[in-house]
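Below you'll find the structure, written out as structure tokens, and then a few comments.
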Amino acid sequence: MNHSNKPHLQTIQTALQRDVDRRLVSERWRIVQGSIALMVAFTVAVWPQVDTNLFIVWISGYVIWIGATFFAHSGRCLVGWRDRYQAPILVNVINASRGIWICGIALANWPAFIQGEEFFWTLTTLWAIVLAAQTIMVTVANEYFIQAVLATGIILMAASTQWLLSISTIFFLIPTVKALDSARQVRMNEVELRTTLTYQARNDSLTGLLNRVGLAEQFSGLPPGPKAAMFVDLDRFKEVNDRLGHTVGDELLEKVGHRVLKVISHRSHLLARLGGDEFFLVLPGCPLQDLLAIADTILQTLEQPFTVTAGQAYISASIGTATASEAITDLEQLIKDADQAMYRAKQTGRRRVIYYDESLHQDTQERLGLESSLRQAVAEKKIVAWGQPIIDYQTGSIAKVELLARWQLDQKNIPPDLFISIAANIGLTSDIAKQMVNQAQKCLHQWQKIPALKETCITVNVESQDLVEGLIVDYLENLVFTEQVDPAKLILEITERGLIEAESKARFQIDRLHTLGVRVAIDDFGAGYSSLRSVMTLPVDLLKFDRSLVAGATQDQRMQNVLSAMVEMASSFKITVIGEGIEKPEDIEVMKQLKVYLLQGFYCANPMPLKNLHSFAKEFLPRV
């Protein structure tokens, strides 16, 4: 599974940083313009009383400071070195130099200020003291109170000797203080923007939990010691999205995060959403026994109904757990181990907790080897079809044949459930289905010369996702339009769960198949995923009762009554019913009582290579 969202995150960071830079440069340029205007006005006012050489030295220092500050901010010099307000260190160095320079001017002119001599140097001293105070305020305090106290104290001190000068100084200080306050606001805006940028770079925008980047940073900062991890993947979440919409799905993910946090709030933890419906939890120093207990609690908590905008939503979770010793500090390996354990939980029925151990690692390595071999087998068309007859007990004939995919690796038969699940995970199911359709096409051509099989239909299993996405329908359209296959003798079998989870899309693709003349059967009905009413809303042609229903009807009269009602309802919708998993004579008798005459199972006929179907059909007599 690919959990990385780094490229997307970098794009967001870049866009936000550009916006920050553009706004900050604009604000600082306005402050510089205001400062220049003040300097011009001041120069005009005091020029007649100023020693030109001294004034040029003084104003040159001020201009150099403004230019250096603007360059340091806008050029983002040494941008990687930050103080606690996230300003470049170079900017603070410039500010400190400016403060020393201003204080030097104040000390040099202090005697002139006390004796009330030259107006320029007296005013310069007042301004120097105020600017020095403002520098401290902007860099350290950032408080209006300190600003007001300092300015008031200076003015009162000046008023004790030169009250006329103090009054004029007040009018001069007002725009200066405003400009410096604007600079303070720019600094605070920068801090806020950078804080927002940092948060968005490290946290999931939907749930507020850590994302993969934030998890990696905080994990690297954990103290040495053993660590436990948990990979939580929601079951049936796609169904919530399809039925209730993505807005409700997002709301549900937020509530899932809150519930998990509530369970682990009493202990140190890192909780992240890696993407989609996947959550990852790190518990430093957590013993295995506690880890499994917490996982069980989370499992039970998530099975409680969620109240969302659209009503109530029900989900479950599959959880993989793993531990790392003090010597192991690789987060990616910890995620991989927990992910593999979660995958095993999915495989073994969902709604459970699996712990990662060496046996699971061995299974994973074997599975990776099978994936590689399966890719090669599909590419070389080594997946072969066997056929299992479906018997019509009203006519005593072979009504249909279901094609079953079979694979041999090193002369060893690989269980179909295993390699089909692997194929589903690596995206090969549509290729296998196409190969099964091709073999069905050859059989139908050959059977035209065999009286016992001439009217027999073939059913092919297709993964629901391939049907919903239209992959197999596109392929069949080509075969039908080029007259390479008779659509009336072809039936696609889809498991009920896949159809119900994406009902609207499934309906569209089934309508396309009907336009071609291909029929659709729901396989394994009754395995516990949906109601008969849900299935009946789809325009399907056949319904195959799961083995669990057949066995239940054999043993329980109440189940017989339920099945009888189902058969009647299916008949009212003109849906043909097939009984699967017939393993003993009693199964046949019960199905006949329910008026289900199309039967399939080991008792009726075993799966066999296609080449054996000809001789089987010639000698066939139905077992009763």
Side-chain angles (χ1 to χ4, degrees), residues 1-6 8-9 195 198-223 225-235 237 249-304 306 308 313 315-324 328-343 345-346 351-356:
M1 298 182 182
N2 183 16
H3 308 293
S4 178
N5 59 353
K6 194 170 182 179
H8 176 64
L9 182 62
T195 301
T198 301
Y199 180 84
Q200 292 177 343
R202 293 166 173 79
N203 293 78
D204 175 52
S205 59
L206 176 62
T207 62
L209 303 175
L210 296 173
N211 59 18
R212 198 177 185 89
V213 174
L215 176 66
E217 288 188 358
Q218 295 206 21
F219 184 85
S220 63
L222 290 177
K227 300 173 182 65
M230 191 182 308
F231 200 115
V232 181
D233 187 275
L234 304 184
D235 302 327
F237 179 71
D250 290 347
E251 182 184 355
L252 180 59
L253 289 174
E254 288 186 77
K255 291 181 179 293
V256 167
H258 292 157
R259 283 198 185 180
V260 175
L261 281 173
K262 189 174 181 180
V263 172
I264 59 175
S265 60
H266 64 288
R267 64 185 309 146
S268 175
H269 67 270
L270 300 177
L271 179 60
R273 177 181 173 231
L274 299 183
D277 58 348
E278 298 172 340
F279 296 82
F280 189 75
L281 173 64
V282 177
L283 297 168
C286 180
L288 177 58
Q289 184 176 359
D290 291 351
L291 173 66
L292 297 178
I294 293 171
D296 284 332
T297 303
I298 291 175
L299 201 65
Q300 296 171 17
T301 300
L302 295 181
E303 289 184 349
Q304 301 301 315
F306 288 84
V308 292
I315 59 170
S316 58
S318 299
I319 300 179
T321 58
T323 54
I328 299 176
T329 58
D330 187 354
L331 174 63
E332 290 302 320
Q333 185 60 48
L334 197 56
I335 292 176
K336 182 179 178 182
D337 292 347
D339 188 15
Q340 290 178 4
M342 181 278 296
Y343 184 78
K346 291 277 190 186
R351 299 178 61 189
R352 61 194 65 207
V353 177
I354 297 292
Y355 175 69
Y356 178 86

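In this text, all values refer to a predicted model and were calculated from it rather than measured experimentally.
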Minimum-distance pair of heavy atoms, taken over all atoms of [X] and [Y]:
X: Leu291; Y: Ala322; result: CD2-O, 3.8 Å
X: Leu209; Y: Gly257; result: CD1-CA, 4.2 Å
X: Val213; Y: Ala201; result: CB-O, 3.8 Å
X: Pro284; Y: Ser268; result: CD-O, 3.5 Å
X: Leu253; Y: Phe279; result: O-CZ, 3.9 Å
X: Leu302; Y: Leu234; result: CD1-CD2, 4.1 Å

Would you compute the distance between atom [atom1] of [X] and atom [atom2] of [Y] and round it to the nearest 0.5 angstrom?
X: Cys286; Y: Arg267; atom1: SG; atom2: CZ; value: 4.0 Å
X: Thr301; Y: Ile294; atom1: OG1; atom2: CD1; value: 11.5 Å
X: Leu331; Y: Leu215; atom1: CG; atom2: CG; value: 5.0 Å
X: Phe219; Y: Glu332; atom1: CZ; atom2: CD; value: 10.0 Å
X: Asp250; Y: Leu206; atom1: CG; atom2: CG; value: 5.0 Å
X: Asp204; Y: Glu254; atom1: CG; atom2: CD; value: 9.0 Å

Taking the side chain as C-beta and beyond, is there a heavy-atom pair between [X] and [Y] under 4.5 Å?
X: Val353; Y: Leu299; value: yes
X: Asp233; Y: Asp339; value: no
X: Leu281; Y: Leu270; value: no
X: Asp337; Y: Thr321; value: no
X: Asn211; Y: Arg273; value: no
X: Leu222; Y: Lys227; value: yes
X: Val232; Y: Val260; value: no
X: Ile354; Y: Ile319; value: no

For this session: Only counting residues at least two apart or in another chain, list the ones meeting side-chain hydrogen bond (donor to acceptor under 3.5 Å, both in side chains) with Ser318.
Result: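 Listed in chain order: Asp235.
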For this session: Give a yes/no verdict on a cation-pi contact between Lys336 and Phe231, requiring under 6.0 Å between NZ or CZ and the six-membered ring centre and an angle within 45° of the axis.
Result: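 Output no; distance or angle outside limits.
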Problem set entry | Arg212 to Phe280, cation-pi by 6.0 Å centre distance and 45° axis angle |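 No cation-pi geometry.
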Exercise. Does atom CZ of Arg351 have more than 12 heavy-atom neighbours from other groups under 6.0 Å away?
Worked result: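 Open: at most 12 neighbouring heavy atoms sit under 6.0 Å from CZ of Arg351.
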Exercise. Counting N and O atoms only, with roles assigned by atom type, does the side chain of Arg259 sit under 3.5 Å from a partner on the main chain of Gln304, one being a donor and the other an acceptor?
Worked result: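 Judged by distance alone, yes, a pair lies under 3.5 Å.
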For this session: Show your reasoning for whether salt bridge (Lys or Arg N to Asp or Glu O under 4.0 Å) applies to Glu217 and Arg202.
Result: CA-CA 8 Å; Glu217 288 188 358; Arg202 293 166 173 79; 2.5 Å; yes
Problem set entry | Working for side-chain hydrogen bond (donor to acceptor under 3.5 Å, both in side chains), residues Tyr355 and Thr323 | CA-CA 9 Å; Tyr355 175 69; Thr323 54; 2.8 Å; yes
